[in-house]
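What follows is a short report on a single structure.
Note: hydrogens, waters and symmetry copies are ignored here, and every other heavy atom, side chains too, is used. Nothing fancy with the numbering, it's 1 onward along the sequence.
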Amino acid sequence: MPNSFSAPLTDRPLQRIVRCTGGLALFGVGISLLVRAQFGLAPWDVFHQGVSEHINVQLGTIIVLTSIAVMLLWIPLHQSVGLGTILNALQIGLTVNIVLPVIPEIHDLAMRVVLMIAGIGIVAIASGLYIGSGLGPGPRDGLMIGLNARGYRIGRARTLIEVIVLIAGIILGGQAGIGTLLFAVGIGPLVERTLPILKMNARRIT
């Protein structure tokens, strides 16, 4: 039985694609703001940064490569790949590679705090947009949704995944700090609130 995030492409496909791509672009912007805030990266990006430093590859490129690798973990969760899954695997990392060099380094403490809060909030809204578009979850959120289908609340599942990845990222030498902690603890409850608001329910086709 398909999960509640799946929907036929014949049901308002243009609106779904616009929401999905818009959400993914926002997600890339949110990641870039967190990087420039310099209070510690989001847990996945602590991991991405650790890997990128080891092999000297751009952060966004590592995000793309990690997305492909994470999709292999979908197999035991029986998650289906959708158009949104493919777009997610490619677009977020490419957006980071484009946006991050454009945002200057910020040294003012108050401005960095603003960037941190804005980055977390934008990622939460972006998650609601692209998951709610019904075109298939992103590689990382597929894990969250797969756990949700097995009885875990979305907020708790997301937090669990973020904490595990954070530990791996720290071991690899990625940058962690107060921003990382706030993201790991706050993103799950925030997505749990934005997703029902932004989700597109499938219409019955007659």
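- Within the 4.5 Å cutoff, no side-chain heavy atoms of Met200 are placed close to those of Asp11.
- Each of Ile122, Val191, Leu24 was checked for a side chain to side chain contact (heavy atoms under 4.5 Å, CB included) with Ser127, and the lone residue meeting it is Val191.
- For the pair Ile31 and Val99, the minimum side-chain heavy-atom distance is 4.5 Å or more.
- Side-chain contact between Val123 and Phe183 is present, with heavy atoms from C-beta onward closer than 4.5 Å.
- Not one N or O on the side chain of Gln38 forms a donor-acceptor pair closer than 3.5 Å with the backbone of Arg112.
- Considering only heavy atoms from C-beta on, Asp45 stays 4.5 Å or farther from Leu34 through its side chain.
- Remark: Glu192 engages Arg153 in a side-chain hydrogen bond (donor to acceptor under 3.5 Å, both in side chains) (not counting sequence neighbours).
- Of all non-hydrogen atoms in Leu182 and Met116, the two that sit nearest each other are CD1-CE, 3.7 Å.
- Under the side-chain hydrogen bond (donor to acceptor under 3.5 Å, both in side chains) criterion, Ser52 pairs with no residue, sequence neighbours left out.
- Of the residues Thr66, Ile170, Leu166, Ile164, the one that meets the side chain to side chain contact (heavy atoms under 4.5 Å, CB included) test with Phe47 is Thr66.
- Between Leu195 and Gly128, the closest heavy-atom pair is CD1-O, 4.0 Å.
- Separating the CG atom in Leu87 from the CD1 atom in Ile92 is a distance of 10.0 Å, to the nearest 0.5 Å.
- Residues Thr180 and Pro43 meet the side-chain proximity criterion, which asks for heavy atoms closer than 4.5 Å.
- Membership of the apolar cluster around Val163 extends to Ile167, Ile171, as traced through chained side-chain contacts below 4.5 Å between ILVMFWY residues.
- Leu33 approaches Ala118 most closely through the heavy-atom pair CD1-CB, 4.3 Å.
- Closest approach of Leu100 to Leu59, counting heavy atoms only: CD2-CD2, 4.4 Å.
- A continuous path of hydrophobic side-chain contacts links Leu41 to Ile117 [ILVMFWY only; heavy atoms under 4.5 Å].
- At a threshold of 4.5 Å between side-chain heavy atoms, the hydrophobic network of Ile, Leu, Val, Met, Phe, Trp and Tyr places Val35 and Leu181 in one connected group.
- Residues Val64 and Phe27 are members of one and the same hydrophobic cluster, defined by side-chain heavy-atom contacts under 4.5 angstrom among Ile, Leu, Val, Met, Phe, Trp and Tyr.
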side-chain contact (heavy atoms from CB on, under 4.5 Å) assessment of Asn88 paired with Arg140: CA-CA 9 Å; Asn88 181 294; Arg140 298 157 187 79; 4.2 Å; yes

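- When every heavy atom of Ser32 is checked against every heavy atom of Ile103, the shortest pair comes out as CB-CD1, 3.8 Å.
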Residue pair Trp44, Ile63: steps toward the side-chain contact (heavy atoms from CB on, under 4.5 Å) verdict: CA-CA 9 Å; Trp44 274 106; Ile63 292 174; over 6 Å; no

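- Between Arg19 and Leu135, the closest side-chain pair of non-hydrogen atoms is not below 4.5 Å.
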Derivation and outcome, side-chain contact (heavy atoms from CB on, under 4.5 Å), residues Leu109 and Phe39: CA-CA 10 Å; Leu109 180 60; Phe39 283 113; 3.6 Å; yes

